[in-house]
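Written out below as structure tokens is the structure these notes cover.
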Amino acid sequence: MATALYLPTTPLSTTKTTQPRISSSPFLKPHRLNSRPRLKQPASIISATSTPITIETDQPTKLTAAPSKVLPFRVGHGFDLHRLEPGYPLIIGGISIPHDRGCEAHSDGDVLLHCVVDAILGALGLPDIGQIFPDTDPKWKGAASSVFIKEAVKLMHEAGYELGNLDATLILQRPKVSPYKETIKANLSLLLGADPTVVNLKAKTHEKVDSLGENRSIAAHTVVLLMKKKEKHFDMKE
């Protein structure tokens, strides 16, 4: 016996295809139906492709000694490193140290005085030693680093500060600094115009690691604390 198969005249389920809704927001700019909307750049943001701004002036930048904010204390850190090469004198803290090589540098290569200068300048919020005394200037060729120290101390006093204390660390494999440490410390205190009790000097080897430990370079770190000078009041007596 044959059985008749009846099929429905309409599908059991209908899938409705709809087009994605495009927002009318001014911050959405879809270019394709399946593209990700992009946010419109606010007017206050400058594009990286904008024309660079160049400021030209005929006047040289004047170095000011006064920090932008007067604080009771200011802390600065300095670091310097120089290669050691034969044929150069080794000068540390203004003292000539006997050695078979010395610092290759534009000036006298005094790594300790250089980092002390940078520490003072940093505490005052001023540019580093390379900007104030550039090695492209021939007048600093072979110059004694005591000149840089005196200028940094002058800027410190003009800003109304004095040295609270200084802590420096020399890093070199050779020669041994201990026989010269007190002489270096005394000369550094004299250049700074500071009491020797507020100037500290340490020396370390680099355990024969990298250029410092292989006697190919010398480095120094310095931290300074500057204190605001106390204003002097005088009693006016009739």
Side-chain angles (χ1 to χ4, degrees), residues 67 71 73-85 88-97 99 101-135 144-153 155-156 161-227:
L71 299 172
F73 303 98
R74 299 184 75 94
V75 177
H77 171 260
F79 170 77
D80 197 28
L81 181 146
H82 286 299
R83 287 195 305 271
L84 291 173
E85 297 287 350
Y88 291 90
L90 179 60
I91 301 174
I92 302 176
I95 305 300
S96 182
I97 309 296
H99 195 39
R101 58 189 65 195
C103 292
E104 181 182 11
H106 185 69
S107 61
D108 63 1
D110 193 325
V111 68
L112 177 59
L113 294 191
H114 289 183
C115 80
V116 170
V117 170
D118 257 351
I120 295 174
L121 296 177
L124 296 173
L126 297 176
D128 60 50
I129 186 173
Q131 291 178 266
I132 299 178
F133 308 103
D135 58 9
S145 296
S146 57
V147 174
F148 310 147
I149 280 280
K150 291 176 182 178
E151 182 63 22
V153 171
L155 292 170
M156 175 181 70
Y161 288 87
E162 60 187 357
L163 183 67
N165 74 299
L166 178 150
D167 185 35
T169 302
L170 286 168
I171 308 172
L172 71 166
Q173 196 66 31
R174 294 196 306 272
K176 294 295 183 182
V177 179
S178 52
Y180 313 98
K181 188 185 294 185
E182 290 304 317
T183 304
I184 295 172
K185 178 181 173 181
N187 191 59
L188 179 57
S189 302
L190 182 64
L191 290 172
L192 293 168
D195 191 294
T197 59
V198 303
V199 177
N200 189 46
L201 177 64
K202 309 183 298 294
K204 299 177 69 66
T205 68
H206 215 245
E207 299 297 335
K208 299 182 179 180
V209 177
D210 64 36
S211 65
L212 288 167
E214 294 171 357
N215 195 34
R216 293 187 291 111
S217 64
I218 177 176
H221 288 270
T222 299
V223 176
V224 298
L225 172 67
L226 305 186
M227 301 189 306

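These figures come from a predicted structure and were not determined experimentally. Side chains included, hydrogens not; waters and symmetry mates left out as well; all remaining heavy atoms used.
Expressed to the nearest 0.5 Å, how far OH of Y180 lies from CG of L170 amounts to 13.5 Å. Taking CZ of R174 as the start and CD1 of I218 as the end, the distance is 12.5 Å to the nearest 0.5 Å. The structure places NE2 of H99 at 12.0 Å from NZ of K176, a figure rounded to the nearest 0.5 Å. Atom CZ of R83 is separated from atom CZ of R216 by 10.5 Å, given to the nearest 0.5 angstrom. Atom CG of N165 is separated from atom CG of L225 by 5.5 Å, given to the nearest 0.5 angstrom. Distance check, rounded to the nearest 0.5 Å: CG of D128 to SG of C115 gives 13.0 Å.
The shortest heavy-atom contact between V177 and A203 is CB-CB, 4.0 Å. Scanning all heavy atoms of the two residues, the minimum distance from K181 to L201 falls at CD-O, 3.5 Å. Contact detail for P175 and I97: the closest heavy-atom pair is CG-CG2, 3.8 Å. In this structure, L81 and A219 approach most closely via the heavy-atom pair CD1-CB, 4.0 Å. The two residues S189 and P196 come nearest to each other via the heavy atoms OG-CA, 3.4 Å. Of all the heavy atoms in H77 and H221, the pair that sits closest is NE2-ND1, 3.1 Å.
Around the NZ atom of K202, the shell of radius 6.0 Å holds more than 12 heavy atoms that belong to other residues, nucleotides or ligands. Within a 6.0 Å sphere centred on NZ of K150, other residues, nucleotides and ligands contribute 12 heavy atoms or fewer.
Distance alone, capped at 3.5 Å, is enough to place a donor-acceptor pair between the D108 side chain and the S145 backbone. The main-chain N or O of A123 is found under 3.5 Å from a side-chain atom of R74 such that the two form a donor-acceptor pair.
The closest side-chain heavy-atom distance from L188 to L113 is below 4.5 Å. Annotation: side chain of T222 is in contact with side chain of V224 (closest heavy-atom distance under 4.5 Å). Using a 4.5 Å heavy-atom cutoff, the side chains of D118 and D80 are not in contact. Looking at V223 and V75, their side chains come closer than 4.5 Å, going by heavy atoms from C-beta outward. Looking only at side-chain heavy atoms (C-beta outward), L124 and Y161 come within less than 4.5 Å of each other. Side-chain contact check for V117 versus E151: every heavy-atom pair is 4.5 Å or farther apart. Within the 4.5 Å cutoff, the side chain of I149 has heavy atoms near those of the V116 side chain. Contact of the I120 side chain with the L192 side chain is registered, since non-hydrogen atoms from C-beta on lie closer than 4.5 Å.
Classified by interplanar angle (parallel below 30°, tilted 30° to 60°, perpendicular above 60°), the ring pair H82/H114 is perpendicular.
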